[in-house]
There are 2 protein chains.
Amino acid sequence: MSDTPLKVYVVDDDPAMRNSLPRALRKRGFEVEVFASAPEFLAQYDGTQTGCLVIDLRMPEMSGLELQEHLGSAAQFLPMVFISGHGGVRESVQAMKGGAMDFIEKPFRSAALVERIEAAFALLRERLEMREKCAELRQRFDRLTAREAEIVSRIVACPAEISSKEIGRHLGISPRTIDHHRARILEKLEIRSTAELVGLATRLRIDCESSNLASGLPSQE
Amino acid sequence: MSDTPLKVYVVDDDPAMRNSLPRALRKRGFEVEVFASAPEFLAQYDGTQTGCLVIDLRMPEMSGLELQEHLGSAAQFLPMVFISGHGGVRESVQAMKGGAMDFIEKPFRSAALVERIEAAFALLRERLEMREKCAELRQRFDRLTAREAEIVSRIVACPAEISSKEIGRHLGISPRTIDHHRARILEKLEIRSTAELVGLATRLRIDCESSNLASGLPSQE
DNA sequence: GATTGCGTAGGCAATTCTGCCTATGAGCTT
DNA sequence: AAGCTCATAGGCAGAATTGCCTACGCAATC
């Protein structure tokens, strides 16, 4: 939801950074939470929070890269900006390949960091919108019964043969029953035509296969 | 086409690299072309070649990063593996953000480079397939006349109201004429139902907006 | 000047879709 | 046992789609 304020999570083992960074970021209007280590962050992370992670590369217990790996696809909604004291090219490339937003070296101007965080938030907002859009679609599809979903699958997989007669033959039941299911499907999905159904399902499949939300779809069968 | 062998383009100002790299890569079965500078590569680049660029970061006339920038979206079909002697984190991050496949530091094992090149080819193949798929779809849509495309747009934009009567009213012409156009549209696109049309157009729009091929589509209007 | 392609439009008949009714049996919950 | 959802299936009437025909005017092309 866009009414949840976007937070900056600062994870750094260096007390000086934990002191100065939040100060600068709060002055810029960000809401900030601070953690002294990656495990400390993970301890309070319930998988639903979103926001920008500003994270030190090297830390004793768990490095920034390890945290990134640990978060996996959830990191989509936790864009990371790495901060490195002595990190090398190898680490920075790994971080970027792992989907980091950016990777900046100490020392840095706080304005530069702010820029990166704002870019991260822009991306995050996009992803959250996409996720919500998918969730809404999914919700509607979830109201369908198994049989209805089966018919949707069939229609989407093979939109060239969508007369009730053909579908009925395919499923071995009366075309009249297909008509009945069709009506329920359109009603539940709040649409008005089979064409719209195909459009909706196509978008749902494409959008969701690119996010980590792909599951329980009317399957390709 | 996948029958075009995938080439490795080595761009490096260092004669030693221009000597050793191709040797190693050819031994691994790659087809290799060598260039001593970015401009030299660009001189023979006609915008259609695809392949993996193995490129030095620092070069006198034009740096690897400048080449990357210069290629712009065409770089999609020229995945780049950077090689850096003295490059720092800043450059590597810029390269990665610019869409580079990878960024490795000298010295490196040739096996490591080969791995990266193979990953690049895998990605490239995917992108080429996508491009081709889009091109095929586009070709079919291009056969439509202006009026036909207008009707397609209308149907795709508003699949809830697709009866010929409604479209006719919207365009201010007879529903009968819409029927006629519809028939031509289905025929030209080699499909059999309006539902299939919506699916096709939806996929086309989504697929192509993510590539640089988006243009001349049945527009959103 | 004839041909071709395009947009326009109508007729007619077969098929299909849609909406509104009823109805039965299976399976589950209360 | 009663009530619920779901899948099944039919009737019927109005609306829409589809395929196949003809036709005219306009513009470009040969």
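The basis for the numbers below is simple: all heavy atoms, side chains too, and nothing from hydrogens, waters or symmetry mates. Here is how names work: the chains are called A, B, and so on, in the same order as the sequence lines, proteins then strands, and each is numbered from 1.
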Side-chain N,O (A:H181) to OP1/OP2 (D:dT8) below 4.0 Å: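 Yes, such a contact exists.
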If only side-chain N and O atoms of B:S164 are considered, is one of them under 4.0 Å from the OP1 or OP2 phosphate oxygen of D:dT17?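 So the side-chain polar atoms of B:S164 do come within 4.0 Å of the phosphate oxygens OP1 or OP2 of D:dT17, strictly under.
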Does [X] reach a base, just sugar-phosphate, or nothing at all? Heavy atoms under 4.0 Å.
X      : answer
A:I162 : sugar-phosphate
A:T177 : base
A:A183 : nothing
B:R176 : base

Send over the distance from [X] [atom1] to [N] [atom2], rounded to a whole Å.
X      : N      : atom1 : atom2 : value
B:R147 : D:dC26 : CZ    : C1'   : 15 Å
B:I178 : D:dA16 : CD1   : C1'   : 14 Å
A:R182 : D:dA7  : CZ    : P     : 16 Å
B:L186 : D:dA16 : CG    : C1'   : 14 Å
B:R169 : D:dA15 : CZ    : P     : 14 Å
B:D179 : D:dG19 : CG    : P     : 10 Å

Identify the 5'-most and 3'-most nucleotides of DNA chain C with at least one atom closer than 4.0 Å to a non-hydrogen atom of chain A.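 The contact span of chain A on DNA chain C goes from C:dT16 to C:dC20.
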Pick the closest DNA chain D nucleotide for A:K188 and for B:S193 by heavy atoms, then say which residue is nearer the 5' end.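 Result: A:K188.
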Cation-pi, B:F77 ring and B:R127 (6.0 angstrom, 45 degrees):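 Output no; distance or angle outside limits.
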Do NZ/NE/NH1/NH2 and the carboxylate oxygens of A:K133 and A:E136 come within less than 4.0 Å?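 Judged by the 4.0 Å cut-off on N to carboxylate O distance, A:K133 and A:E136 do not form a salt bridge.
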B:E161 bridged to B:R154 by N-O distance under 4.0 Å: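 Salt bridge between B:E161 and B:R154, a charged N being under 4.0 Å from a carboxylate O: yes.
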Mind telling me whether A:F41 and A:Y9 have parallel, tilted or perpendicular rings, with 30° and 60° as the class edges?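 A:Y9 vs A:F41 ring planes: perpendicular.
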Counting distance only, does the side-chain N/O of B:T177 pair as donor-acceptor with the main-chain N or O of B:I173 below 3.5 Å?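 Looks like no, no N/O pair under 3.5 Å.
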Measure the angle between the two terminal helix axes of the helix from C:dG1-D:dC30 to C:dT30-D:dA1, five base pairs each, and quote it to 10°.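 Result, rounded to 10 degrees: 40°.
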